[in-house]
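What follows is a set of notes on a single structure, which appears directly below.
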Amino acid sequence: MRSYFIETWGCQMNQHDSELIEGQLRECGMAAASGASDADLVILNTCSVRERPVHKIISRIGALEKISDPPTIGVCGCVAEQEGSELLKRSPRVGFVLGPGQIARVGEAVRAVQQGERAVLTGFDADRDHNFHTIFRKSSTRGMVTVVEGCNEFCTFCIVPYTRGRELSRTLTDVVVEVRHLASTGLKEVELLGQTINAYRCPETGSEFADLLAEVAAIPGLARVRYITSHPRHFNSRLIDVLADNPKVSRYLHLPFQAGANEILERMHRRYTREEYLELVTRLRKVVPDINLSTDAIVGFPGETEEHFQQTLDLLREIRFGQVFAFAFSPRPHTPAARYDDQVEEATKMERLHRLFALTEQISSELNQELVGRKLPVLIDGDSRRDPKVWQGRGEDNRVVNFAKGGREGVGDIVDVRITRAGAHSLVGERCSGDGRLPVVGAA
Ligand code: SF4
């Protein structure tokens, strides 16, 4: 096998795992193909958080089999962990199955296939390899860094603790060494990753996430630090203080609330109440008034009545999130909520989801409109997908900003942009007069 093509589904953790997979394939001497039909090996890096993506992956295996010279298929990610050796029965083209806890063993799986074997590597070892030098990073502006793997929360709807294992924090020293390395290569922004990142505990020193965030923010050369995902019940006052004291820490926070009614939150095993969530947001906004909040919401959780759903809409109106990732409840294997006997009708779920989307679109548009006329520092990521004469970048609060090229600016620069127009999902602006380059905060 000389060429590979990687298809990635799901969250940032999966996107980052794909970078790790690609680095290992390159170490095996393989090169990227332009598409699945040109590749000797196609990696499907999968997500099983909802049911529909799992079906899509199964049908994708079927489609790959039909290519005239069909590639070997490597199934990685959460579906690999969930289905294990069953995937070998789906197709003779599946050469290996590799769960998220075994992602550092891609080279071993490839060698097994080259020797005519099929490999199934699943499960979670207590001691996982974090050789960040093998990561193949495509972005020259921002890098993702794993901080915590897995999750111990066991929300009753979620498959993650079963497919990504129990929480495993890296040492603070390891994370800082990796971020220093990224800063030394010129990356301006890091995104720290964990399913419940603020549950972080350094296994050596007991340091918590607030300590780690403060240390990372102090690294010279780095302009911005983002982190995802925070669990409301682990968001303590020390972490709020670090946000307040460190301008390099992103003014964007993803803080899933999932449901607005306490009865539903309890059945979800979220371990906070609506009132506690609202109180946390009030405290956050007191110290960081311009924070851009995003969230996850589930509609149609078993037992959700119209009244419960109205409480979700009320919470959305009250908090006014910049972005909401909402999904209809989908029963997942192993999870308690899949066995609840008061499942909500599919049509009701869809109708509620539709109403929720209408509200969140309206709120995001209004919030973005409020930024028209403001000057924002924008980190340039690259060309806009629609127009090569336009740059696309992100503000400090993670909002997407597009603006016409024209100055001496380039990818990785942070420039001042005045916002002239706003939609629900992005902003349009123009470079402010002058060079517009800003000094990198804390640059060495
Ligand atoms: S906190 Fe809950 S929803 Fe988030 S990954 Fe863990 S179990 Fe899943």
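As the structure lists them, so they are numbered: ligands from 1, and atoms in each ligand from 1.
Distances below 4.0 Å separate heavy atoms of Glu153 from the following atoms of ligand 1: 1 (S), 6 (Fe). Atoms of ligand 1 lying under 4.0 Å from any heavy atom of His231, numbered from 1 in the order shown and given with element: 1 (S). Close approach to Thr196 involves these atoms of ligand 1, each under 4.0 Å from a residue heavy atom: 1 (S). Under a 4.0 Å criterion applied to the non-hydrogen atoms of Phe157, ligand 1 contributes the atoms 3 (S). If you number the atoms of ligand 1 from 1 as listed, the ones under 4.0 Å from a heavy atom of Val160 come out as 5 (S).
Judged by distance alone, the side chains of His269 and Thr156 never bring a donor and an acceptor atom under 3.5 Å apart. For the residue pair Gln15 / Asn45, no side-chain donor-acceptor distance below 3.5 Å is found, with atom types taken as modelled.
Annotation: cation-pi geometry not satisfied between Arg332 and Phe157 (NZ/CZ under 6.0 angstrom from ring centroid, within 45° of ring axis).
Heavy atoms of Phe154 found under 4.0 angstrom from ligand 1 belong exclusively to the backbone.
Closest to atom 4 (Fe) of ligand 1, if we only count protein heavy atoms, is Arg270 NH1, 4.3 Å. Among all protein heavy atoms, the one lying closest to atom 2 (Fe) of ligand 1 is Cys155 SG, 2.3 Å.
At a 4.0 Å cut-off, not a single heavy atom of His269 sits close enough to ligand 1 to count as contact.
In this structure, the ring of Phe309 has its center no less than 6.0 angstrom from the ring center of Phe301. Taking the six-membered ring for Trp and the full ring otherwise, Phe257 and Tyr272 have centroids separated by 6.0 Å or more.
Taking all heavy atoms of Pro161, Cys151, Cys158 into account, the minimum distance to atom 6 (Fe) of ligand 1 is reached by Cys151.
Ion pairing between a basic and an acidic side chain is recognised when a charged N comes within 4.0 Å of a carboxylate O; Glu351 and Arg355 show such pairing.
With a 6.0 Å radius and a threshold of 12 heavy atoms from other residues, nucleotides or ligands, Glu306 has its CD atom above the threshold.
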